[in-house]
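Numbers for residues simply follow the sequence, beginning at 1.
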Amino acid sequence: MAFTKVPFHTLRATLYGQRVNVNHARRTISRSVLVSSSNDVYTNLAVEDWLYKNKKFDNEEVLFLWRNKPTVVIGRHQNPWLECDLNYIRNNNIHLARRNSGGGAVYHDLGNLNCTFFTTRKNYNRRNNLELICNSLVKRWNLDIQISKREDIILNGEFKISGTAAKLGNPTAYHHCTVLFNVNKDLLNNSLDKDDSNIESNATASVRGTVRNLKEVCEEVDFWPLVEAITQEYFGNENQQYICIEPNETLYPGIETIKSGLRDWNWVYGHTPRFVICKQFETTPRFYDQQETHREFHRGLSTAVQTERAPVTLTLQVYRAKIEEFSITPENFLPNKLFNIFQQTLVNKLFKVDAITSEMDNKIKQKLIT
């Protein structure tokens with residue numbers, strides 16, 4: 001099967017014309033397979049969103065295939081502070097994105113193929129889509145592939161190679177899933193390794209599984225052979241071809257606006273459901289240097305903390321990534337002046353740890369000087 005790149009007017013005709021026909025309850029529906037030339041997660045998620053909002057699937061179904069540079073993608077109703085190690089992904093130049101569908105957090109890189117099946121809500125069938133992928137892997141490489149009760153795709157009865165999620169609207173629906181063929185497992189595991197013991201939340205939680213790359217059991221598996229195998233199974237014959245697209249404003253008017261929204265901090269972080277974070281630590285006899293010029297300020301502080309070690313709990317209630325409430329126990333741990341600084345710095349502020357820490361540090365220094 002050849003790699004095909006077509007001009008816009010031909011692609012336009014293809015998108016709204018017939019590629020191959022399938023029957024849904026005696027109704028003929030055409031199919032198309034689109035392969036994104038972009039490796040940018042926000043671009044590819046924007047294509048998904050554009051197709052979902054702008055295209056009708058009564059007479060045509062679309063399979064969209066895409067992959068991204070290193071990215072953690074969380075579900076629409078998830079908490080990024082719970083789902084991934086934000087410091088690790090920031091230090092390793094890994095993107096963070098929130099998609100519009102539900103489900104759990106996943107790690108993407110160029111060793112992972114993403115498949116999005118677009119249909120009407122009436123014709124939505126997740127199980128059929130997963131079976132299509134499994135059949136393509138078995139026919140092409142004779143792999144031991146099964147679908148679990150949770151509708152993950154399992155390799156050799158043990159290893160997860162695919163997670164799945166969906167967005168069910170009316171009249172349009174889509175189901176998307178991953179296929180791990182040569183993902184960087186160190187980056188995957190470290191990105192999604194997070195201690196959530198300090199956070200209480202009703203946000204959707206991910207279910208972790210032991211993963212394995214298809215390439216570990218079959219060296220021939222790679223991106224383009226996967227695209228070809230899945231495309232062939234989707235069409236049901238060898239004569240149909242996938243189409244490579246270059247997502248842009250000409251092909252998808254308004255996609256840059258969609259992409260900008262997907263990049264926005266208020267979407268990636270600000271869409272997080274309400275959560276409570278509690279951090280407990282033990283006081284030390286002297287955690288501020290005593291200076292003669294600041295004696296009065298420090299006298300109040302030292303009275304509260306220069307006793308024997310005791311646990312102190314800092315609690316923040318956060319909604320839409322904005323701090324609603326702040327408390328600290330025991331209540332007399334901080335002198336009033338310092339507690340007021342905490343209140344002014346934290347309450348009604350966005351939960352941006354670096355910015356909060358910097359502002360609090362500056363305010364404490366100013367208070368000590370005045």
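- Geometric assessment of Arg31 against the ring of Phe235 yields a negative cation-pi assignment under the 6.0 Å and 45° thresholds.
- Residue pairs satisfying the side chain to side chain donor-acceptor pair (under 3.5 Å) criterion with at least one member in residues 153-163, sequence neighbours excluded, are absent.
- Relative orientation of the Tyr174 and His176 rings is perpendicular, given thresholds of 30° and 60° on the angle between their planes.
- In this structure Glu325 satisfies the salt bridge (Lys or Arg N to Asp or Glu O under 4.0 Å) test with no other residue, sequence neighbours excluded.
- Panel note: side chain Asn213, backbone Lys215; no donor-acceptor pair is recorded below 3.5 Å.
- No salt bridge links Lys56 with Asp58; every basic N to acidic carboxylate O contact stays at or beyond 4.0 Å.
- Applying the side chain to side chain donor-acceptor pair (under 3.5 Å) test to residues at least two apart or on different chains, the pairs with a partner in residues 133-146 are Lys139-Glu233.
- Residues passing the side-chain hydrogen bond (donor to acceptor under 3.5 Å, both in side chains) test with Arg98, sequence neighbours excluded: Thr272.
- Taking Asp109 as the reference, nothing meets the salt bridge (Lys or Arg N to Asp or Glu O under 4.0 Å) condition, with sequence neighbours excluded.
- There is a side-chain donor-acceptor pair under 3.5 Å between Arg320 and His271.
- For Phe339, the ring-ring contact (aromatic ring centres under 6.0 Å, His included) partners two or more places apart in sequence, or in a different chain, are Phe326.
- The salt bridge (Lys or Arg N to Asp or Glu O under 4.0 Å) analysis of residues 81-92, with sequence neighbours excluded, yields the pairs Glu83-Arg208.
- Applying the salt bridge (Lys or Arg N to Asp or Glu O under 4.0 Å) test to residues at least two apart or on different chains, the pairs with a partner in residues 266-280 are Arg274-Glu324.
- Using cut-offs of 30° and 60° for the angle between ring planes, the Phe275 and Phe351 rings count as perpendicular.
- Among residue pairs with one or both ends in residues 248-268, those qualifying as salt bridge (Lys or Arg N to Asp or Glu O under 4.0 Å) are Asp40-Arg263, Glu256-Lys259; sequence neighbours excluded.
- Checked against side-chain hydrogen bond (donor to acceptor under 3.5 Å, both in side chains), Tyr319 has no partners two or more places apart in sequence or in another chain.
- Not a single salt bridge (Lys or Arg N to Asp or Glu O under 4.0 Å) links Lys167 to another residue, sequence neighbours left out.
- Partners of Lys69 by salt bridge (Lys or Arg N to Asp or Glu O under 4.0 Å), not counting sequence neighbours: none found.
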